[in-house]
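Following: one structure in structure tokens, then a few remarks.
The structure displayed is predicted, hence computed values, not measured ones. Note on naming: letters A, B, ... go to the chains in the order of the sequence lines (proteins, then strands), and numbering restarts at 1 for each one.
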There are 2 protein chains.
Amino acid sequence: MKDRPPIDRDSFEPPYAQLARTIRERIAGGAYRPGDRLPSEAELCAAFSVSPMTVRRAIGELVRADVVVTEHGRGTFVKPPQLAAASFDLGDLMRYLASPDVEARILEARIVSAGPRVAEKLAREEGERVISIKRLLLRGDEPVFYHSEYLVFDPARPLVEAELATTALQDLFSGAHGSDLKFGRLTLHASAFTETEASQLGEQPGTLAWVLEHLFFDFDDRPESWGRFVGRADRLSFTTTVGIPGPQEGV
Amino acid sequence: MKDRPPIDRDSFEPPYAQLARTIRERIAGGAYRPGDRLPSEAELCAAFSVSPMTVRRAIGELVRADVVVTEHGRGTFVKPPQLAAASFDLGDLMRYLASPDVEARILEARIVSAGPRVAEKLAREEGERVISIKRLLLRGDEPVFYHSEYLVFDPARPLVEAELATTALQDLFSGAHGSDLKFGRLTLHASAFTETEASQLGEQPGTLAWVLEHLFFDFDDRPESWGRFVGRADRLSFTTTVGIPGPQEGV
DNA sequence: CGGACAAACTTCCCTAGACCAGTAGGGTAG
DNA sequence: CTACCCTACTGGTCTAGGGAAGTTTGTCCG
């Protein structure tokens, strides 16, 4: 029962991370099973010759990763994998769309009069002027996403041409239109292509589609932009892992 | 410029949380804009009369929430809302399905011979015996999800009757079939109802559907169960928020 | 036998420093 | 003018404790 991996003080991996990894590995190896109590903080301090703060931080990492749960006054317990803890990350999709071989082609960019739906989303009056931008996202020569977006029209801040460039994707994902935005709300749902979308993407109307809707607000909590990405659903799925992944996981 | 909210030592909210909240509010209020540098740790220590560790913890929370980003040697900076940081949580859906007014009705539970697809998913030979369970999840009297699941058949561990009870949903989401599972992989994709699914749910075949597929592994990294939830897509969407939500957010 | 209480645990949060490492700016030697 | 280095400032990590608060257990007393 000798601790094979105590703590390597010369490693680049800081002690708290080594400790967190070690505990994780022991759980993955079955040394601690779901429901079991981990050694107390004091015991871990002694066993690994680190200070309480270091132990607390290591445990904190595991708590955040939903691997263990702490109960005040009772102890720290190993959690079974929880379906409810699952969350699907948009990061991979966004990084893919922001990659160099994906380009955005502007189909249309003009000032239009807000229809009822746009007016409601942007909290403006119907008929007010808004900027309409329609983009096609292509990977190589193949269209993968259709993007339609409406921005509130502010005469004081004329439409920046740079935002319309094909390189705007970068900003679109990292800092969306300058940095005057406070927060955004995203909604993912499944739908079917409309006529317009289908023709632009070269698909049949009614084909299964993902719709990712985004609504961004400025620092006065007023809607600033509203738009949606539409793409074929059968080419994209979201995958995630709960619990402690096996050895070859990580993509 | 007097700090109105220093730190209330008598509050139930611990200082690190008060500090994190205060900084968050200042960002939300526009005092610090995206790209701005926050006061340094030392300055925050002095301004709020707390120790460095407390400041670090507060900042750590904000980093984790993707509100700020720290750069070693340079400072801590406010992040604009990032699309790539978005993740869709299954928690709400799971809590909804686990609520008391949702019940699971067993349609079928028997031992079958593994077909090619099941055999591949469970890493077994085709023709081996597996347990097949089909459930209907009802809210009130209305079916909302169809659940099909295959478990490896282990004669040593006979099928627990409790797992088949209509109350099994609880376990299904929190600890899935005892606690012998190490991790699970979940995949979400959009699809259309098959004949079987449609008839069970009282829908038309071809209707848009969500499919949530789950594959659980035991502590030897062997697949233990594989199954999928299928439900109407037009009644369910996933919503999330990036950046700092406005005042009335939080559902 | 039963209930109150105290001790011994546990986690939680904090202090007040220390040293290391990365960055930026200014001054100096070439 | 350029290249270099030195210094001040930044976050990153850790130490070695402390007191507060929740839980469990066992003991003592009625």
Side-chain angles (χ1 to χ4, degrees), chain A residues 3 5-24 26-27 32 34-79, chain B residues 3 5-24 26-27 32 34-79:
Chain A
D3 339 45
I7 296 292
D8 179 6
R9 292 335 266 219
D10 297 329
S11 168
F12 289 113
E13 191 182 15
Y16 81 88
Q18 290 184 48
L19 180 51
R21 182 174 46 77
T22 300
I23 297 175
R24 222 193 175 97
R26 290 193 183 173
I27 295 173
Y32 305 123
D36 287 358
R37 218 203 73 193
L38 250 48
S40 75
E41 296 183 355
E43 286 166 346
L44 290 172
C45 286
F48 290 89
S49 303
V50 292
S51 81
M53 281 298 275
T54 305
V55 168
R56 281 202 55 70
R57 174 151 187 195
I59 292 178
E61 305 272 320
L62 299 179
V63 168
R64 224 165 300 119
D66 259 311
V67 171
V68 302
V69 59
T70 60
E71 291 182 34
H72 191 162
R74 301 217 321 122
T76 304
F77 301 88
V78 180
K79 257 190 180 177
Chain B
D3 340 46
I7 295 294
D8 179 6
R9 282 350 254 218
D10 296 329
S11 167
F12 289 113
E13 191 182 15
Y16 81 89
Q18 291 184 47
L19 180 51
R21 182 174 46 76
T22 300
I23 297 174
R24 221 193 174 97
R26 292 194 181 171
I27 297 173
Y32 305 122
D36 286 359
R37 217 202 74 192
L38 252 48
S40 74
E41 298 184 353
E43 287 167 345
L44 290 171
C45 286
F48 291 88
S49 301
V50 291
S51 81
M53 282 299 266
T54 304
V55 168
R56 285 207 54 69
R57 175 150 187 194
I59 292 179
E61 306 272 322
L62 299 179
V63 169
R64 229 164 295 120
D66 261 309
V67 171
V68 302
V69 59
T70 60
E71 290 183 34
H72 193 162
R74 301 216 321 121
T76 304
F77 301 88
V78 179
K79 258 189 178 176

Interatomic distance where [atom1] belongs to [X] and [atom2] belongs to [N] [whole Å]:
X        : N       : atom1 : atom2 : result
Asp10(B) : dG19(D) : CG    : C1'   : 15 Å
Phe12(B) : dC12(C) : CZ    : C1'   : 15 Å
Met53(B) : dG18(D) : CE    : P     : 17 Å
Arg37(B) : dA24(C) : CZ    : P     : 11 Å
Phe48(A) : dA16(D) : CZ    : P     : 17 Å
Ile59(B) : dG11(D) : CD1   : C1'   : 8 Å
Glu41(A) : dA16(D) : CD    : C1'   : 15 Å
Glu61(A) : dG12(D) : CD    : P     : 13 Å

Under 4.0 angstrom between [X] side-chain N/O and [N] OP1 or OP2:
X        : N       : result
Ser40(A) : dT10(C) : yes
Arg9(B)  : dA20(D) : no
Arg74(A) : dT24(D) : yes
Arg56(B) : dG12(D) : yes
Thr54(B) : dC13(C) : no
Tyr16(A) : dC14(D) : no
Arg57(A) : dT13(D) : yes

Gap separating the [atom1] atom of [X] from the [atom2] atom of [Y], nearest 0.5 angstrom:
X        : Y        : atom1 : atom2 : answer
Leu19(A) : Arg57(A) : CG    : CZ    : 11.5 Å
Arg26(A) : Tyr32(A) : CZ    : OH    : 5.0 Å
Arg56(A) : Tyr16(A) : CZ    : OH    : 15.0 Å
Thr70(A) : Leu62(A) : OG1   : CG    : 11.0 Å

Proximity to the side chain of Thr70(A) - top-ranked nucleotide from dG11(D), dC12(C), dC13(C): dC12(C)

The nucleotide from dA20(D), dC14(C), dG12(D) with an atom nearest the side chain of Pro15(B) is dC14(C)

Tell whether His72(B) reaches the base of dG11(D) with its side chain through a donor-acceptor pair below 3.5 angstrom. yes

Where each residue is assigned the nucleotide of DNA chain C containing its nearest heavy atom, which of Pro52(A) and Gly73(A) is assigned the position nearer the 5′ end? Gly73(A)

Verify side chain to side chain contact (heavy atoms under 4.5 Å, CB included) between Val50(A) and Arg9(A), making sure each step is shown before the conclusion. CA-CA 11 Å; Val50(A) 292; Arg9(A) 292 335 266 219; 3.7 Å; yes

